Amino acid sequence: MNRIDHLFQTKPTGILSVYFTTGYPNLGDTAEIIRTLAARGTDLIEVGIPFSDPMADGETIQRSSHTALQNGMSLRILFDQLKDIRRDVSIPLILMGYLNPIMQYGIEAFCKRCAETGIDGVILPDLPLADYLRDYKPLADRYGLRFIMLITPETSEERIRLIDEHTDGFIYMVSTAATTGTQECFPDETLRYFERINAMELRNPRLIGFGISNPQTLRAAQRHAAGAIVGSGFIQALGQRPTIQEAVETLFLNLGL
C-alpha cells in the first residue's frame with residue numbers, strides 16, 4: 001500500500017505535514033532534515049524542489065529556493081541525496097515543485113526515479129488537471145505515485161469534484177488565494193471556506209496549508225481537515241537556528257507541540 005494511503009487510514013485526523021526546500025540552508029542538509037523531522041514525530045514530509053520562479057510561494061520560500069539554487073541543488077543531486085533515505089525513514093515523502101524542472105528531467109524518468117527512491121507522491125501546483133489526466137496519471141499509476149492537486153477558496157465546485165474523482169492520496173487545501181506565508185489566525189471568511197469544503201463530503205482527505213505557523217492556525221486546520229501543512233515557519237527556523245535539530249525543535253515549540 002502507498003504510504004500516504006496508509007497514513008490516512010491509520011491516522012485520519014491530527015496529521016502534521018512539514019515542507020522544506022532542499023539545498024537550504026546548505027546543499028547537503030536534505031537527508032538530515034528528513035531524518036530529524038521524522039524522529040520528532042512529523043507524519044508526512046514535503047521535500048521541496050527549488051525553482052527560479054515559484055509562483056505559489058511567498059517571500060520566505062522564494063528566498064530559500066534562491067539560496068538552494070545558488071548552492072547548486074538540482075533534481076539529479078536531490079535523487080542522489082535520497083537514495084538511502086528508506087533505510088531509516090518510514091513516513092510518507094512527497095516531492096513538491098514546479099513543472100519545468102520535471103519536464104527537463106523527463107516525465108517518465110522522474111516518476112521512475114521517484115519509485116526507485118521511495119517517494120510516495122508529487123505536488124506540482126502549475127500542472128494543469130487536463131495535462132495530468134492525459135500525460136501524468138498513466139505514469140503515476142504505473143509507478144505507484146500519488147499526484148496531489150491543490151484547491152483554493154476560488155476553486156469551483158465542479159473542478160473540486162473532478163480533482164476528487166481523478167486523484168488519490170489527499171487534496172491540498174490552500175487556505176487563501178495569496179502566496180505562502182505565516183499569519184496569526186484565520187479570518188471568518190476562511191473558516192467558512194473550510195466548512196463549505198467539509199460539507200461537500202469528498203472522497204479524499206484534505207490537508208490545509210498556507211499561513212499555518214502557531215497553535216491557533218494549526219488547531220483550526222486540524223479541526224476542519226485531516227491535518228495541516230507547515231512550510232514558511234520551518235524555513236524561517238532553518239535560517240535562524242544554528243543546527244537542524246534546533247530548527248525542528250523551534251518549529252514544534254512555535255506550534256505548541
Side-chain angles (χ1 to χ4, degrees), residues 2 4-5 7-9 11-20 42-48 54-58 60-61 92-98 120-129 132 145-235 255:
N2 183 283
I4 299 171
D5 299 339
L7 171 62
F8 284 98
Q9 286 186 16
K11 188 176 182 180
T13 60
I15 289 173
L16 174 64
S17 176
V18 178
Y19 167 95
F20 75 97
T42 305
D43 297 302
L44 185 154
I45 298 174
E46 296 175 16
V47 182
M55 62 182 183
D57 297 313
T60 297
I61 296 180
L93 300 176
I94 294 175
L95 292 190
M96 184 170 184
Y98 293 87
D120 305 291
V122 179
I123 301 173
L124 301 173
D126 58 344
L127 173 61
L129 181 59
Y132 161 72
L145 297 172
R146 300 289 180 260
F147 270 67
I148 312 303
M149 292 285 177
L150 283 70
I151 65 172
T152 75
E154 281 70 39
T155 305
S156 68
E157 180 174 343
E158 178 184 12
R159 179 177 172 83
I160 292 172
R161 299 234 179 246
L162 279 173
I163 289 172
D164 190 45
E165 178 182 356
H166 293 292
T167 65
D168 294 294
F170 67 93
I171 293 174
Y172 191 129
M173 198 169 157
V174 177
S175 67
T176 173
T179 56
T180 58
T182 62
Q183 58 188 61
E184 290 301 313
C185 63
F186 290 126
D188 290 342
E189 181 181 4
T190 299
L191 297 178
R192 287 193 294 269
Y193 156 58
F194 296 164
E195 292 165 358
R196 174 169 59 86
I197 301 302
N198 277 337
M200 293 178 66
E201 298 184 344
L202 300 175
R203 179 177 63 90
N204 280 297
R206 280 94 53 216
L207 293 181
I208 296 175
F210 288 40
I212 296 167
S213 59
N214 57 27
Q216 291 83 3
T217 48
L218 176 67
R219 286 196 298 267
Q222 293 182 331
R223 187 166 59 249
H224 290 88
I229 301 166
V230 180
S232 296
F234 183 48
I235 299 295
L255 293 174

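Nothing fancy with the numbering, it's 1 onward along the sequence. What you see is a predicted model, and the numbers here were worked out from it, not measured in a lab.
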What pair of heavy atoms forms the shortest contact from [X] to [Y], and how long is it?
X      : Y      : value
Ala221 : Ile212 : CB-CD1, 3.6 Å
Ser175 : Pro153 : O-CG, 3.8 Å
Met96  : Pro125 : CE-CG, 4.1 Å
Asp168 : Ile148 : O-CD1, 3.6 Å
Pro205 : Gly169 : CG-O, 3.5 Å
Tyr132 : His166 : OH-O, 3.4 Å

For Arg219, which residues count as a side chain to side chain donor-acceptor pair (under 3.5 Å) partner, sequence neighbours excluded? none

Quick check for you: to the nearest 0.5 Å, what is the distance between [X] atom [atom1] and [Y] atom [atom2]?
X      : Y      : atom1 : atom2 : result
Glu165 : Ile160 : CD    : CD1   : 14.0 Å
Thr167 : Arg203 : OG1   : CZ    : 6.5 Å
Tyr172 : Ile208 : OH    : CD1   : 10.5 Å
Leu218 : Leu255 : CG    : CG    : 5.5 Å
Phe8   : Asn204 : CZ    : CG    : 9.0 Å
Ile151 : Ile163 : CD1   : CD1   : 7.0 Å

Is the closest side-chain heavy-atom distance between [X] and [Y] below 4.5 Å?
X      : Y      : value
Phe20  : Ile45  : yes
Phe170 : Leu7   : no
Leu16  : Val230 : yes
Arg206 : Asn198 : yes

Mind telling me whether Phe194 and His224 have parallel, tilted or perpendicular rings, with 30° and 60° as the class edges? tilted

Could you list the residues that satisfy side chain to side chain contact (heavy atoms under 4.5 Å, CB included) with Glu157, not counting sequence neighbours? Arg161, Met200

Donor-acceptor contact present, side-chain Asp43 to main-chain Ser17, <3.5 Å: no

Backbone of Arg146 reached by a side-chain donor or acceptor of Asp120 within 3.5 Å: no

side-chain contact (heavy atoms from CB on, under 4.5 Å) evaluation trace for Ile229 with Met173: CA-CA 9 Å; Ile229 301 166; Met173 198 169 157; over 6 Å; no

